[in-house]
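Below you'll find the structure, written out as structure tokens, and then a few comments.
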Amino acid sequence: MKRANLFLLIALICVSGSLYAQNRTVIKVATDNVNLIYQVGENGRLYQSYLGQKLRYDADIANLPLGKEAYLTHGMEDYFEPAIRVLHNDGNPSLLLKYVSHTQDATKPNVTETVITLKDDKYPVTVKLFFTAFAKENIIKQHTEISHQEKKPVTLYNYASSLLHLNAGKYFLTDFTGEWAHEVNMAEHELDFGKRMVDTKLGSRANMQASPFFMVALNDKAQENAGDVLLGTINWTGNFRFTFEVDQLNQLRIHSGINPYGSEYSLQPNEVFLTPEFVFTYSTEGTGKASRDFHRWALAYQLKDGDKPRMTLLNNWEATYFDFDEEKLIGIMDEAVNLGVDMFLLDDGWFANKYPRSSDRQGLGDWQETVGKLPNGLGRLVKEATAKGIKFGVWIEPEMVNPKSELYENHKDWVIHLPNRDEYYFRNQMVLDLSNPKVQDYVFGVVDDLMTKYPGIAYFKWDCNSPITNIYSPYLKDKQSHLYIEHVRGLYNVLERVKAKYPDLPMMLCSGGGGRSDYKALEYFTEFWPSDNTDGVERIFIQWGYSHFFPSKAMAAHVTSWGKQPVKFRTDVASMCKLGFDIRIHEMTEPEQQYCKGVVKNFKRLQPVILEGDLYRLVSPYQTDHASQMYVSEAKDKAVLYAFDIHPRYSEITQPVRLQGLDPEAQYTIEEINLIPGTRPMRFSGKTYSGDYLMKVGLPLLSSRHLTSHVFEINKVK
Ligand code: DGJ
């Protein structure tokens with residue numbers, strides 16, 4: 001081989017990341033800390049040989065066992081859950097995938113894309129496995145493309161986005177399940193032989209009972225700062241399914257993807273079936289590190305406007321429900337101005353005339369202002385807000401319809417409903433058929449018409465209160481099993497159009513509380529509404545749960561009247577995420593009002609640390625009667641620390657809380673902020689400590705008093 005060619009070969013190997021161990025083709029998907037390694041066996045099939053902490057030496061790959069088949073098929077020699085199951089049009093139900101080729105490219109700094117192509121050697125079916133590795137953040141995204149060139153359609157029964165194999169002595173699964181106003185309850189389960197599934201079949205409002213994310217700790221229960229743990233989530237705003245299956249050798253497989261339930265997919269020749277992305281990280285330093293990696297990745301790559309600041313706001317939902325008119329709203333705007341927030345957000349109840357939206361029983365779908373309530377339309381409100389120096393945002397729920405509405409009367413064919421049965425309703429409403437392009441136009445038009453008429457609208461809260469009921473699409477006719485999938489695709493078409501036409505329009509993703517909280521939707525939304533439950537204590541748990549995957553910037557948190565805790569407690573809790581209020585401010589006492597204004601000011605000043613800093617969860621409300629967490633700037637020169645006493649036992653003896661994430665060499669001043677006027681800060685407020693002391697000895701942040709809270713600003717001494 002000529003010298004130049006040899007160089008070329010070596011260069012190609014380096015660029016592509018391909019390696020050859022014992023003459024096997026090796027494909028290494030790598031981040032700074034994680035390796036996912038595949039090898040091609042002598043039989044031409046693809047195997048996952050390794051998933052875990054990055055291997056220091058490539059030469060060691062030759063010592064790895066071949067491992068487990070990477071993307072297991074149905075009908076061959078494996079008897080557990082397959083990643084893919086198809087029915088060919090000659091009636092053959094089997095698939096056997098062989099490695100064909102792979103590519104690996106650094107698409108941008110820090111990001112490498114790997115594509116592995118597999119093919120059946122008897123049937124013209126192609127499966128491509130995609131991996132995107134984010135080096136610094138240790139995040140790997142995976143998805144699959146399935147296509148074929150058979151003469152007639154092939155039916156897909158299973159089509160996982162990802163199959164990962166793990167091997168450990170024990171596995172502990174944490175899921176995040178719940179209900180309306182009771183979202184993301186963390187529960188840890190040891191896995192043993194057999195299958196455990198986390199899934200939903202709700203169609204829309206898809207996360208109402210189970211969230212599309214999980215953690216699997218290896219060998220020991222998940223810990224905050226130690227141990228191996230995998231955190232994964234699926235980028236899909238519809239039915240999802242995670243299957244955790246432990247086999248007879250105690251090996252674990254994790255299948256992630258769209259829930260195939262009720263969703264056999266008839267794949268046309270040459271059509272490409274694209275599965276949603278599964279996103280995961282693997283940490284050897286516990287869940288804290290994994291969450292921080294997720295947050296950094298989300299802010300840099302996934303969350304809409306992850307690099308932009310957020311607006312504080314005053315919302316009127318809990319303050320008025322449906323009972324408002326123009327004057328009342330303008331009065332609330334004055335409260336927003338007085339409070340110092342950036343925006344007034346008008347919630348549900350402002351639209352429909354034939355069936356005015358005076359309750360949740362009617363009007364949904366008719367997006368004209370109710371003349372009786374708003375005789376001068378939204379235009380007057382936008383004008384008033386602008387004159388007062390604040391922004392104006394508005395609530396919509398464009399994917400839904402009340403049967404008592406003009407939309408339903410005129411376009412019954414746009415509504416998902418069974419042709420020959422009585423209708424049943426969830427929150428008195430039904431779901432529009434987003435598989436129908438005309439319906440997509442209509443839903444896009446709800447936003448577009450409002451923006452065209454009132455370009456001053458600065459924000460949307462986009463709600464979705466019902467799962468799909470009466471499951472039948474008048475549009476899809478004989479392809480009913482495509483409905484769950486086409487519905488979500490239709491939603492994305494609409495959101496794409498909204499984003500393309502209004503790229504700078506921030507929007508809140510809301511779904512009857514936290515019924516939608518997935519990273520695909522967050523490509524289009526700047527934040528989500530974690531729960532209608534805004535009780536301070538409940539929110540500590542809810543925000544704690546979501547914080548395992550989402551940065552505080554992605555979570556809207558409003559102060560309301562839920563819960564009996566002091567205003568300070570509720571507000572300090574909300575100020576850990578994207579702060580808002582949903583309460584009549586003038587009903588608070590004068591010191592409480594002053595305090596709230598101070599919190600808004602502090603929040604605006606500290607927003608870069610609170611919403612973009614590294615999160616350290618210090619004291620878990622799940623394990624104690626307290627909670628504490630802190631955010632630290634990337635430069636480690638600023639931090640904000642929170643401490644809460646929830647319901648401790650009488651005279652409980654508490655220990656100092658050790659801080660984390662600081663520079664041990666640096667000196668820091670601690671100052672308590674967010675104080676009710678006239679109250680004294682904690683004794684150590686105003687003092688200076690080394691980072692070393694704060695992290696080894698800690699601060700006496702906790703007490704045995706009930707429902708108390710403290711917030712501290714920490715600054716590095718220059
Ligand atoms: C459910 C949301 O979660 C609430 O915040 C509120 O917007 C209502 N819908 C309005 O109907």
Side-chain angles (χ1 to χ4, degrees), residues 178-184 202 204-209 211 237 313-324 329 332 343-352 355-367 369-370 373 378 392-402 404-405 425-431 446-447 450 457 459-467 506-518 521 525-535 538-539 542-543 546 554-563 570 574 577-584:
E179 204 354 354
W180 174 78
H182 193 49
E183 289 87 347
V184 292
L202 297 148
S204 54
R205 198 174 173 173
N207 318 156
M208 189 167 63
Q209 290 141 353
S211 304
T237 318
L313 61 81
L314 178 61
N315 185 196
N316 72 310
W317 175 243
E318 301 246 345
T320 65
Y321 294 106
F322 295 96
D323 178 22
F324 59 79
L329 295 179
I332 296 178
M343 180 171 53
F344 167 70
L345 171 61
L346 172 60
D347 215 284
D348 194 356
W350 57 267
F351 49 88
Y355 305 107
R357 181 76 171 169
S358 47
S359 77
D360 62 15
R361 282 187 289 278
Q362 61 186 51
L364 203 52
D366 301 344
W367 297 102
E369 298 94 322
T370 308
K373 270 183 180 172
L378 293 181
F392 177 82
V394 68
W395 178 97
I396 50 173
E397 191 178 4
E399 301 159 64
M400 304 275 160
V401 61
N402 282 129
K404 212 167 164 193
S405 69
Y425 307 126
F426 192 103
R427 208 199 189 205
N428 313 302
Q429 64 194 58
M430 300 178 83
V431 181
V446 174
V447 175
L450 283 167
I457 292 177
Y459 187 85
F460 280 95
K461 174 177 177 184
W462 180 309
D463 209 342
C464 160
N465 281 288
S466 177
M507 298 203 292
M508 183 204 292
L509 173 66
C510 175
S511 185
R516 279 179 172 169
S517 51
D518 68 273
F525 291 88
T526 42
E527 56 258 354
F528 71 95
W529 182 235
S531 178
D532 277 349
N533 193 337
T534 40
D535 171 302
E538 293 297 321
R539 270 290 176 135
I542 290 168
Q543 293 170 191
Y546 282 119
M555 293 190 256
H558 297 178
V559 180
T560 73
S561 309
W562 274 53
R570 283 179 273 149
C577 294
K578 183 200 163 279
L579 177 66
F581 291 79
D582 200 340
I583 190 168
R584 294 308 304 261

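Basis for what follows: all heavy atoms, side chains included, without hydrogens, waters or symmetry-related copies. Each ligand, and each atom within it, is numbered from 1 in the order the structure gives.
With 3.5 Å as the limit, one finds a donor-acceptor pair spanning the side chains of E397 and N465. For the 3.5 Å distance criterion, the side chains of T237 and D518 qualify, holding a donor opposite an acceptor. Side-chain contact, N533 with D535: no donor N or O sits under 3.5 Å from an acceptor N or O.
Among all non-hydrogen protein atoms, the one lying nearest atom 11 (O) of ligand 1 is D348 OD2, 2.6 Å. Of the protein's non-hydrogen atoms, the one nearest atom 3 (O) of ligand 1 is D532 OD1, 2.4 Å. Looking at atom 9 (N) of ligand 1, its nearest protein heavy atom turns out to be D463 OD2, 2.7 Å.
Close contacts of ligand 1 with G512, meaning ligand atoms under 4.0 Å from a residue heavy atom, involve 1 (C), 3 (O). Ligand-side atoms of ligand 1 in range of W395: 7 (O), 10 (C), 11 (O), range being under 4.0 angstrom from any heavy atom. Short contacts between ligand 1 and G513, defined as distances under 4.0 Å to a heavy atom of the residue, involve ligand atoms 3 (O). The atoms of ligand 1 that sit less than 4.0 Å from any heavy atom of C510 are 2 (C), 3 (O). Close contacts between ligand 1 and W317 involve ligand atoms 4 (C), 5 (O), 6 (C), 8 (C), 10 (C), 11 (O) [criterion: under 4.0 Å to a heavy atom]. Close approach of ligand 1 to W529 (heavy-atom distance below 4.0 Å) involves ligand atoms 3 (O), 5 (O).
Put simply, part of D347 is less than 4.0 Å from ligand 1, judged by heavy atoms. Using a 4.0 Å heavy-atom cutoff, K461 is listed among the residues neighbouring ligand 1. Residue contacts with ligand 1 include R427, since one of its heavy atoms falls under 4.0 Å from the ligand.
Looking at E318 and R570, no side-chain N of the basic residue comes within less than 4.0 Å of a carboxylate O on the acidic one, giving no salt bridge.
The aromatic rings of F351 and W367 are tilted relative to each other, their planes meeting at an angle between 30° and 60°.
For F322 and W317, the distance between ring centers is under 6.0 angstrom.
Across Q362 and N402, no two heavy atoms sit closer than the pair C-OD1, 2.9 Å. The two residues N207 and G514 have their closest heavy-atom pair at CB-O, 4.0 Å.
Tested against F460 for a side chain to side chain contact (heavy atoms under 4.5 Å, CB included), the candidates L450, V446, L509 yield a single pass: L450.
At a heavy-atom distance under 4.0 Å, only side-chain atoms of N465, from C-beta outward, approach ligand 1.
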